[in-house]
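Heads up, the thing below is written out as structure tokens.
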Amino acid sequence: MINAMPPAFDPGWASGAGLVVAHDVLGGVFALNGGNPREAGRPGEPGEIVYFAPDALGWEALGAGHSAWLSWIISGGLQEFYEGLRWDGWRDEVSVLNGRQGLSFFPPLWSAEARQDLSTTSRRAVPMAEVLSLSRTSCLQVDGADPGFLGAA
């Protein structure tokens with residue numbers, strides 16, 4: 001469901017910009033680039049994992065394909081990756097979420113206030129679809145850029 005694939009085989013269906021492989025509770029999106037990332041407005045090369053950063057409202061190339069990305073995760077790469085996006089007690093807050101929920105932040109992660117002190121933000125659990133919709137809407141309002149498909153939740 002995450003990539004909005006048709007329920008029955010459809011030879012005409014294409015993934016477009018690529019395939020979403022994971023969401024994080026912050027509203028970040030890990031995606032595998034499709035055949036023409038530039039056309040989709042994404043950095044990186046075809047077959048490379050990119051990350052939609054909700055604190056920057058944009059895509060970032062991670063410099064690895066899917067298997068290297070999985071190895072990086074298993075070897076603890078996420079510790080450093082999320083270093084600036086964690087606060088005291090984050091594990092407790094995140095551990096009660098189900099797989100279809102994320103966190104809504106106020107002020108939002110991309111704001112100067114949140115960047116200054118993430119621990120002072122207000123956070124609440126909401127459906128992941130709401131988090132992704134807010135990210136897309138924020139991109140369009142802040143800089144007019146459409147991040148494209150962020151996955152179905």
Side-chain angles (χ1 to χ4, degrees), residues 1-5 15-34 37 40-153:
M1 175 159 169
I2 195 170
N3 286 294
M5 292 179 180
S15 63
L19 292 174
V20 173
V21 295
H23 290 131
D24 63 32
V25 298
L26 306 173
V29 179
F30 292 94
L32 181 66
N33 265 342
R42 290 186 179 171
E45 299 302 318
E48 183 176 348
I49 295 289
V50 291
Y51 177 70
F52 175 79
D55 59 326
L57 294 179
W59 291 99
E60 302 170 353
L62 299 184
H66 188 259
S67 60
W69 173 73
L70 286 174
S71 293
W72 171 75
I73 289 172
I74 291 168
S75 67
L78 293 178
Q79 279 293 94
E80 183 179 337
F81 187 77
Y82 288 114
E83 189 176 331
L85 294 170
R86 291 184 171 163
W87 57 95
D88 288 340
W90 72 269
R91 279 188 202 274
D92 293 333
E93 285 184 52
V94 169
S95 69
V96 298
L97 301 177
N98 67 41
R100 299 182 63 86
Q101 291 178 306
L103 291 174
S104 176
F105 290 80
F106 187 81
L109 288 174
W110 49 264
S111 70
E113 296 87 356
R115 289 179 183 197
Q116 187 174 41
D117 188 358
L118 190 58
S119 67
T120 63
T121 61
S122 170
R123 298 170 298 281
R124 65 184 176 93
V126 298
M128 183 57 73
E130 185 178 322
V131 176
L132 298 173
S133 176
L134 182 59
S135 289
R136 186 165 186 271
T137 301
S138 295
C139 281
L140 292 168
Q141 290 176 346
V142 171
D143 65 8
D146 186 348
F149 183 67
L150 298 175

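- Annotation: side chain of Leu118 is in contact with side chain of Phe105 (closest heavy-atom distance under 4.5 Å).
- Remark: side-chain polar atoms of Ser133 are not paired, donor with acceptor, to backbone N or O of Ala129 under 3.5 angstrom.
- Taking the side chain as every heavy atom from C-beta outward, Thr121 and Trp87 never approach each other to under 4.5 Å.
- Evaluation of the salt bridge (charged side-chain N to carboxylate O under 4.0 Å, His left out) rule for Arg124 yields Glu130 as partners, not counting sequence neighbours.
- Summarising the geometry, atom CG belonging to Leu85 is positioned 11.5 Å from atom CG belonging to Leu78; distances are rounded to the nearest 0.5 Å.
- Contact detail for Leu97 and Ala125: the closest heavy-atom pair is CD2-CB, 3.4 Å.
- Atoms OG and CG, on Ser104 and Leu26 in that order, are 11.5 Å from each other to the nearest 0.5 Å.
- A 6.0 Å sphere centred on CG of Asn98 holds more than 12 heavy atoms belonging to other residues, nucleotides or ligands.
- Among all heavy-atom pairs drawn from Val29 and Leu132, the shortest one is CG2-CD2, 3.8 Å.
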Donor-acceptor pairs are to be reported for all side-chain atoms of residues 48-58 against protein atoms at under 3.5 Å, with residues two or more places apart or in another chain.
| residue | atom | partner | partner atom | Å |
| --- | --- | --- | --- | --- |
| Glu48 | OE1 | Glu45 | N | 2.8 |
| Glu48 | OE2 | Gly63 | N | 2.6 |
| Tyr51 | OH | Asp24 | OD2 | 2.6 |

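- Here the side chains of Arg100 and His23 are not in contact, with every heavy-atom distance at 4.5 Å or above.
- Looking at Leu150 and Val20, their side chains never come closer than 4.5 Å, going by heavy atoms from C-beta outward.
- Looking at heavy atoms from C-beta onward, Val94 lies in side-chain contact with Leu103 at the 4.5 angstrom threshold.
- The shortest side-chain heavy-atom distance between Pro43 and Pro37 does not fall under the 4.5 Å cut-off.
- Counting non-hydrogen atoms of neighbouring residues, nucleotides and ligands closer than 6.0 angstrom, the CZ atom of Phe106 reaches no more than 12 such neighbours.
- A perpendicular orientation is assigned to the rings of Phe30 and Tyr82, their planes being inclined by more than 60° (bins at 30° and 60°).
- Between Val25 and Gln101 the shortest heavy-atom distance is CG1-O, 4.3 Å.
- Between Pro107 and Glu113, the closest heavy-atom pair is CG-CB, 3.6 Å.
- When all heavy atoms of Phe149 and Arg42 are compared, the closest pair comes out as O-NH2, 3.6 Å.
- Nearest heavy-atom pair across Gly41 and Trp59 is O-CD1, 4.5 Å.
- Atom-to-atom distance recorded for Ile74:CD1 and Trp72:CH2 is 12.0 Å, nearest 0.5 angstrom.
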